[in-house]
Structures are given as structure tokens and as C-alpha cells.
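Written out below as C-alpha cells is the structure these notes cover.
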Amino acid sequence: RLPPAMVTTMVKCGIKSFVLLAAPSLAFPGAHLSMVVLGGVPYVISSNIHSSRLVVAVLVLICHHFFSCGLSVQAAGSRVLFSYARDNQLPASGVLRRISPRFKTPVAALVVATILPALFALLAKATPSKPVHLLFFTYPAHVNALFILVSFATSGIYLSFQMVVLAAFIARIRGWRPRGFDLGRWAYPVYVVGMIYG
């Protein structure tokens, strides 16, 4: 049942995202970018809808959407943790790959996928006044942690996709052949196009 549930979730989230992004743009053509930057979507909605009940209803819908998107990301993160732990690729893999007999889910992976982002979210209020040295890199002064979190979240996922394509390309050059589905002579062009696209 898991793959159909994942597809259904992604389709529903895609439709909701499109509606929530397109609706304010189409409904409020007078809403300028400065309004969105200064007051956000709540300001745009409340300044264009005169019924306070309708404003609350729209904002509840938006909050529900963000909550469901957060749950989707949390579920995806816990699945990644579980799959890496199943292959003994993480510290505490034995705990992270354990399936709860009661809930039939990897509870430890779900807990980590909940707590870790919450801890990182606490950094959103941090803006150091001096450069901070952390292990092998320096966090710059006067840069809000939220900016760094959003930047890494948007670029890090594509970097990880690129790393997989690059690793497959290098492995193929070294003679690796996948079991099951194999692109044959089309493998190299697909890898190259994938890297260029990424």
C-alpha cells in the first residue's frame, strides 16, 4: 500500500500547492511583491478580503497545507533514515531500523525525523554578531540562520541528487552494471544529461 499512498500524497500536495500559489496571484492582481515581502500572504489576504471569517478560513487552509507538507517531508526523512539504517550506514542503525511491533513503523526514525528539524528550527532566531567557527567551516556574522537553513534546504537536495548521478556515472565507467533495469548503451548519455540538468 505504500507506493500508491506516496503517489496519492504527492499528487494531492501538488494540486494544493498549485492552488495556494496561483489563487492569491489570480484573485488579487493588485497584490504587489512588496506587499508579500512586507506582510506575507496573511497581509495580502486580509487586505484584499473584507470578510474576517473568510480570511480566517483561507488562513486555516494555508496552515493545513503547510502542516501536511511538513508531515510529508517528515515521512520522507524517516524513510530515508530507516533505509540507510537498514543497510547499516548510520550510527545507531540497529535502533533506527527497528520496526515497532505495535505500530508497524520505524518509530525511532520518525522521532529523529521530528526532533532534528525542530532543533534546527530553533536556530531561525539566531543571527551571530561575530563569525562562528564550527569544525571545518566558518558561519558568517550578521547572517540569519533561517537564511542558511532555507538556502541549504533548497540547494542541498539537488546536490544530493547530483551526487547519486555522479556516483552512478563513475561506477559505470569502472565497469558496474546494475541488476534488473539497465539502460545499456543509453546509460552514458542519460547520466550526462542528468548531470547537466542537475
Side-chain angles (χ1 to χ4, degrees), residues 1-28 31 36 40-42 44-45 49 53-90 92-93 95-121 124 146 149-168 178-183 186-187 190-191 193-195 197-198:
R1 287 183 303 214
L2 188 58
M6 290 170 63
V7 170
T8 303
T9 300
M10 297 314 285
V11 168
K12 286 181 178 178
C13 283
I15 292 169
K16 282 172 138 181
S17 296
F18 177 77
V19 168
L20 286 172
L21 287 173
S25 301
L26 296 172
F28 314 129
V36 177
V41 173
V44 173
I45 291 170
I49 297 177
R53 288 182 180 173
L54 187 55
V55 168
V56 169
V58 171
L59 292 177
V60 166
L61 178 67
I62 291 171
C63 288
H64 175 265
H65 174 67
F66 276 100
F67 183 73
S68 64
C69 286
L71 285 177
S72 297
V73 171
Q74 178 187 2
S78 66
R79 283 194 297 270
V80 169
L81 280 173
F82 170 75
S83 63
Y84 279 141
R86 184 189 54 208
D87 297 337
N88 286 322
Q89 299 299 310
L90 293 174
S93 287
V95 175
L96 291 171
R97 72 170 169 245
R98 195 173 301 142
I99 302 291
S100 165
R102 181 178 174 195
F103 299 111
K104 310 289 190 243
T105 57
V107 173
L110 281 164
V111 169
V112 170
T114 302
I115 292 174
L116 209 58
L119 292 175
F120 278 115
L146 180 60
L149 285 171
V150 171
S151 298
F152 180 75
T154 54
S155 60
I157 191 167
Y158 294 106
L159 180 62
S160 64
F161 291 153
Q162 266 315 68
M163 290 167 62
V164 171
V165 175
L166 181 62
R179 286 179 291 184
F181 182 76
D182 186 1
L183 292 170
W186 285 99
V190 168
Y191 291 143
V193 169
M195 284 187 287
Y197 177 77

Sorted by chain and number, sequence neighbours left out, side-chain contact (heavy atoms from CB on, under 4.5 Å) with Leu159 holds for Met163
Output a table of donor-acceptor pairs, distance under 3.5 Å, between side-chain atoms of residues 99-118 and any protein atom two or more places apart or on a different chain; print 'none' if there are none.
unit_1: Ser100; atom_1: OG; unit_2: Arg102; atom_2: N; d: 3.3
unit_1: Ser100; atom_1: OG; unit_2: Phe103; atom_2: N; d: 3.1
unit_1: Lys104; atom_1: NZ; unit_2: Pro101; atom_2: O; d: 2.6
unit_1: Thr114; atom_1: OG1; unit_2: Gln74; atom_2: NE2; d: 2.2
unit_1: Thr114; atom_1: OG1; unit_2: Leu110; atom_2: O; d: 2.8

Rounded to the nearest 0.5 angstrom, the OH-CG distance for Tyr191 and Leu166 is 11.5 Å
What one should report as the nearest heavy-atom pair of Ser93 and Tyr84 is OG-O, 4.5 Å
So OH of Tyr197 and CZ of Phe161: to nearest 0.5 Å the spacing works out to 10.5 Å
When every non-hydrogen atom of Gln162 is compared with those of Met195, the smallest separation belongs to NE2-O, 2.9 Å
To the nearest 0.5 Å, atom CZ of Arg97 lies from atom OG of Ser83 at 12.5 Å
Rounded to the nearest 0.5 Å, the CZ atom of Phe82 sits from the CG atom of Asp87 at a distance of 9.5 Å
